[in-house]
There are 2 protein chains.
Amino acid sequence: MTNNTIVPDLLIKNARQLICPAESSSDEASFKIIADGAVACVKGEIAAFGTTEEILANVNIYQQTTVIDSGDLIVSPGFVDAHTHPVFFGTREHEFEKRNQGKSYAEIAKEGGGIRHSVRQLREASEEQLIEHALPYLDQFAECGTTTIEAKSGYGLSLKDEIKSLRVIKKLNELHPLDLVPTFLGAHEIPDEYRTQREKYIQMIIEEMIPAVVEENLAEFCDIFCEEHVFNVRETEKILTAAHDAGLKLKVHADQLSSSGGAELAAQLHAVSADHVDYISDRAIELMKKNGTVPVLLPGAVFFLGLTHYAPARKMIDADLPVAIATDFNPGSCMTQSMPMMMTIASIYMKMTAQELWTATTATAAKAIDKKNLGKIEIGAKADLALWDIPNFRYLPYHFGVSHLKKLIKSGKIIWEK
Amino acid sequence: MTNNTIVPDLLIKNARQLICPAESSSDEASFKIIADGAVACVKGEIAAFGTTEEILANVNIYQQTTVIDSGDLIVSPGFVDAHTHPVFFGTREHEFEKRNQGKSYAEIAKEGGGIRHSVRQLREASEEQLIEHALPYLDQFAECGTTTIEAKSGYGLSLKDEIKSLRVIKKLNELHPLDLVPTFLGAHEIPDEYRTQREKYIQMIIEEMIPAVVEENLAEFCDIFCEEHVFNVRETEKILTAAHDAGLKLKVHADQLSSSGGAELAAQLHAVSADHVDYISDRAIELMKKNGTVPVLLPGAVFFLGLTHYAPARKMIDADLPVAIATDFNPGSCMTQSMPMMMTIASIYMKMTAQELWTATTATAAKAIDKKNLGKIEIGAKADLALWDIPNFRYLPYHFGVSHLKKLIKSGKIIWEK
């Protein structure tokens, strides 16, 4: 698996196992476990991987090479979290308690809670305050083994505040070792001031926000919350078509609470992903498979909201539609950055195997943000690697609630260790 | 809250809040939050607590005093985990995956899985091997903010192997800063070799195991798995009566899978706790309240086993029967040491408030292992304290899957920090 002699910046050797996922979770052969593994990295990319014996025969270690003798650790790609909302200002733990005590979402919203609460908070915060608020959250992503996150705006809901949120994401990407892939989510909700004139808000998204986002090159994707009570399928199509025409790639929050046609539309528009899809239809599964739209499942949101209907992961996987798993990190419906915890929940409630879960959180997750070179251990992939103190790959979903991460490597550099 | 001048070994000052739970979770007034708090500890005990101003006016800091300026951190009692099975040899992640894939417990048992698998593994391990296996698990308890655990035998199921397990617990208690409170659980299951002669196994527990355990002073409690298919109510009464007569305090695994009369019996026998109680009856609630038997709820086991019927915590609390929450840490039905994760699960599925959860994991948990001086911030309580990087006490159940612990103090000494 190596060609010629390599002079690595970073060499990881003697790993108990390398976990090497490929994009298709249903293909047994594509998921490889290499015992007594090694990975050689050059300039932030994987230059060679294989058994320690193979790799040591093909590398020249020089004085500047960082050598990690990983002993009993297991090496995997860093997690790719394909769905997060990390830019907000203030948390909603009171609401979490109230909801668990039986208060309905509608009642909480009436009291000023929900997304609207986060919108008010975000609008009052400066760019600097938002950056300071978000940085510790990014550290927590890293502590959970995540090396790249997709990051959405969506608590601004005005031209100024959506742009502010996306600038914060851009700045965070510069300041923090994690990579943030920016998504514009101006269509997260209709803001209070447009409640009675939703057409006007949609018009503003299309005519003002999208052009401004594109002009400043602040987002790679445009996302929308497609649900009957938020943006319906017709409105979703209108906004996403404009986003596509402006050069943005597409994502859709689809079929979270009902089968509303959102996932079908996502596929028809060749969206890169359709997210949540708890109530996906059989037709949507077929269409997404045909058009390459990746389902991004968010089991943490179902768990955190105390719901019982999880996305039918088995049905999708068994229909040869590989799924990604993400955290949905946000202050209202899933306050966690932990991909290992998502693995546990998805094991229990979505009946996914450990192999499927590793793939769903790495290689398929990378596909869900259109990044072919992430979430894999293969030559040319980004050297984003996590070193785990676990006996085998099945162990991570099983032993939950504690941290098994020992080292995290981003672009060939150690960014976290304990 | 202080008398005279105190010369502390350890002083924690400027805590954003002190969380001071009391035993009764239903009593609003008994749960105190002290803003800008301080705690002074002398010889491993809390000698004074109050506002920083109050405490600084009443202590003399000397050269050997360790002073922690806790800044923005919140200080709580360390967690008391009142139900754990930490002595085993080998994990069961394969079984976890199989069960999630739809294999029944009976099928897994037929293939040699389940408790019987752990029994075979434990019998083959030496005391030294078991100690080495358990020590990292104890570290993980500490990383989750736990300072005391109840620790059960129960994977030996023979005189020799139960004694071995309890000696391991004794040795772990000596070796590790955490306190382990030992429980003899020889009646965890009928071992294979006694399948057809269960009366003989029960006789052996009563006539050989209990006397040997007491003789060597290896356990404080005797526990039993009371369930129709394991030990029925009549057998449970017989064994627990013998244990009581021999001087052991009592605990019962009761009503986990059905309302079998186990919790009623626990109360009638004045057991210190009845654990699981997912299917507790109204009559048992009344009896336990009357006789001071504490319900120890194990939401992690319900979650991990993919079940949906959680113990009716609200009913118990609303009937003025305070509950404890524990992890049930064990390789088969709940592989975690995380009390914060139990808080999250109990918030969502048992509808407990944050205040009730803090009490259930500290003061009431201490009552469930008959230790009045644990799980509290009060004068004379053991100086077992956890320092959390959270904005308020409601935050811990809410932001799940990541670690918020910054320092852990056991008997007045820092045993973990990050």
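Order of the sequence lines sets the chain letters (A, B, ...), proteins ahead of strands, with each chain counted from 1.
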Check each atom of [X] against the heavy atoms of chain B and say whether the ones under 4.5 Å are side chain, backbone, both or neither.
X        : result
A:Phe400 : both
A:Lys98  : neither
A:Pro397 : both
A:Glu97  : side chain
A:Met335 : both
A:Pro136 : neither
A:Arg99  : neither
A:Asp389 : neither
A:Met342 : side chain

Please check: side-chain N/O of A:His276 versus main-chain N/O of A:Val296, any donor-acceptor pairing under 3.5 Å?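 Here the side-chain-to-backbone pair does not exist.
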Does any backbone or side-chain atom of B:Glu143 lie under 4.5 Å from a heavy atom of chain A? Answer side chain, backbone, both or neither.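 Interface part for B:Glu143: side chain.
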Hey, which of [options] has the most heavy atom pairs under 4.5 Å with chain A?
options                                : answer
B:Cys334, B:Gly102, B:Pro340, B:Pro331 : B:Pro331
B:Pro391, B:Ser347, B:Ser338           : B:Ser347
B:Lys418, B:Met341, B:His399           : B:His399
B:Gln101, B:Gln140, B:Met350           : B:Gln101
B:Cys144, B:Gly306, B:Ala354, B:Ser403 : B:Ala354

Do the ring planes of A:Phe89 and A:His133 sit parallel (below 30°), tilted (30 to 60°) or perpendicular (above 60°)?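 Taking A:His133 first and then A:Phe89, their aromatic rings sit tilted (interplane angle of 30° to 60°).
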Is the shortest side-chain heavy-atom distance between [X] and [Y] below 4.5 Å?
X        : Y        : value
B:Thr91  : A:Tyr398 : yes
A:Asp328 : A:Phe304 : no
B:His83  : B:Thr327 : no

Check the side chains of A:Gln355 and A:Thr353 for a donor-acceptor pair under 3.5 angstrom, ignoring hydrogens and angles.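 Side chains of A:Thr353 and A:Gln355: no pair found under 3.5 Å.
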Taking 4.0 angstrom as the limit, do B:Glu417 and B:Lys407 come out as a salt bridge?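 Yes, charged N to carboxylate O under 4.0 Å.
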Salt bridge present between A:Glu95 and A:Lys103 (N-O < 4.0 angstrom):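 Salt bridge between A:Glu95 and A:Lys103, a charged N being under 4.0 Å from a carboxylate O: no.
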Centroid-to-centroid, [X] to [Y], below 6.0 Å?
X       : Y        : answer
A:Phe79 : A:Trp388 : yes
A:Phe31 : A:Phe393 : yes
A:His85 : A:Phe329 : no

Interface residue of largest heavy-atom contact number with chain B, from A:Ile348, A:Leu305, A:Thr344, under 4.5 Å: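 That would be A:Ile348.
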So which of A:Glu93, A:Arg394, A:Arg314, A:His94 has the largest heavy-atom pair count under 4.5 angstrom toward chain B?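 With the most close heavy-atom pairs to chain B, the winner is A:Glu93.
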